[in-house]
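Report on one structure; see the data block that follows.
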Amino acid sequence: MREYNFEIEEIENGLRLKNLKDFQPSHIFDCGQCFRWIKDGDESYTGVAMGKILNVRRDGEDIIFDNTNMYDFENIWYDYFDLGRDYSSIKNQLALHDENLAKAVEFGWGIRILQQDGWEMLISFIISSNNRIPMIQRAINNISERYGKDLGEYNGNHYFSFPTPQELSEASIEDLRDCKTGFRDKYIYYTTKAVIEDEIDLASFVAMEADICHKELLKFKGVGAKVADCIGLFGMRKYGSFPVDVWVKRVLQEFYQAEDMSLPKMRKYGMDLFGKDAGFAQQYLFYYVRELEIGK
DNA sequence: AGTCAGGTCGTCT
DNA sequence: AGACGACCTGAC
């Protein structure tokens, strides 16, 4: 077994993580980075990632991972939850930047940026454009049900993997419209087509230099600056990304004296302001203002 | 009925 | 380069 700076206890059908710092399920799953983790009635979250169903909840000071084992923890969940990163150090650094960021970090103390799948992020964030979270979730769920693999049951519900490019290429534009993707149906269709025909491996984007990665992502239909930044940050480890949506735009205007400038300028403004950790700063700020509806 | 939501695309200066 | 309207969908 590997050595960690927290303790793991194997329990019935899962794991108990003790002394795990900077980890709060609600902060992680509700900070806007993912769409497939749904809160159950018991305050636990169930989601699908890397073809596995996992349930996560807090139990006092501990975190419970249900429906998994040590093997998957070491091979999947450790990296997925970015457990090798020292978030306390990042938070301390950000808190020194300014008062507002300090408050945002305190508010979303348990946020972690998940290391999600690049291909899934590509399609998911295309769907996110000019859309609402419940509808984004529904569309992704429809796509997974119809084109992904049945992963079986957990607590009475069926879960499906997010389809591979090959699997999703079975869908026509009309099929995608039926999944309630709206006008983004053709973006998804042509993006999937491009990935298949040009044999693009989205996982290889992780190794790319951030700027190149961003430019490559912009080549896909339905991917603009904001969506490319989200894909880069959440699916390709580009932590200097600064996705600017309506909320972040408000943040920059409310807290950081930004004028009402264009999106490309806002993006540069944020990246210059926060530097290499801009992506982390963006997440804490986004969660803070959206939860409290600051500036609305 | 009109507006708005994790924006992007196409078209026109 | 930069501005502007259109766009699925459904909830307020």
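Order of the sequence lines fixes the chain letters, A, B, ..., with proteins taken first and strands second; residue numbering starts at 1 for each chain. Keep in mind that what you see is a predicted model, and the values were worked out from it rather than measured.
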*Go through dA5(B), dC8(C), dT9(C) for me and flag the one nearest to the Arg132(A) side chain.*
dA5(B)
*So among Val48(A), Ile123(A), Asp117(A), which one has a side-chain contact (heavy atoms from CB on, under 4.5 Å) with Phe162(A)?*
Ile123(A)
*Examine dA5(B): is either OP1 or OP2 under 4.0 Å from a nitrogen or oxygen in the side chain of Arg250(A)? Give yes or no.*
yes
*Lys268(A) NZ to dA1(C) C1': how many Å, rounded?*
16 Å
*Rounded to the Å, how far apart are Ile133(A) CD1 and dC8(C) C1'?*
18 Å
*Which letter, B, S or -, goes with each nucleotide of nucleotides 7-13 of chain B from 5' to 3', with contact meaning a protein heavy atom under 4.0 Å?*
BSSS---
*Geometric cation-pi criterion, Arg85(A) with Tyr239(A): 6.0 Å, 45°*: yes
*Between dT9(C) atom P and Ile127(A) atom CD1, what is the distance in whole Å?*
13 Å
*Quick one: sort the Trp37(A) and Trp77(A) rings into parallel, tilted or perpendicular, breaks at 30° and 60°.*
perpendicular
*Roughly, in whole Å, what's the span from CE in Met135(A) to P in dG10(C)?*
5 Å
*Can you list the stems that DNA chain C is part of, where a stem is at least 3 pairs in a row, each Watson-Crick or G-U, with both distances below 3.5 Å?*
B:2-5 with C:9-12, B:7-13 with C:1-7
*In terms of the angle between their ring planes, are Phe73(A) and Tyr4(A) parallel, tilted or perpendicular, with boundaries placed at 30° and 60°?*
perpendicular
_Please report the distance, rounded to the nearest Å, between CZ in Phe286(A) and P in dA5(B)._
12 Å
*Whole angstrom is fine here: how far is it from CD in Glu174(A) over to P in dC8(C)?*
13 Å
*Taking atom P in both dC8(C) and dG10(B), compute the distance separating them and give it to the nearest angstrom.*
13 Å
*For Asn155(A), enumerate each residue passing the side-chain hydrogen bond (donor to acceptor under 3.5 Å, both in side chains) test, keeping only those at least two apart in sequence or located in another chain.*
none
*asked:* Distance check, rounded to the nearest 0.5 Å: Phe205(A) atom CZ versus Arg237(A) atom CZ?
replied: 13.5 Å
*Donor-acceptor contact present, side-chain Thr192(A) to main-chain Leu168(A), <3.5 Å*: no
*Looking at every strand, decide which applies to Gln282(A) at a 4.0 Å heavy-atom threshold: base, sugar-phosphate, or nothing.*
nothing
*Return yes if the base of dC8(C) and the side-chain atoms of Arg177(A) contain a donor-acceptor N/O pair under 3.5 Å, otherwise no.*
no
*Which atom names give the shortest non-hydrogen contact between Pro25(A) and Val56(A), and what distance separates them?*
CG-CG1, 4.0 Å
*Take atom CD of Gln137(A) and atom P of dT9(C), then tell me their distance rounded to the nearest Å.*
19 Å
*Salt bridge between Lys265(A) and Glu259(A), side-chain N to carboxylate O under 4.0 Å?*
no
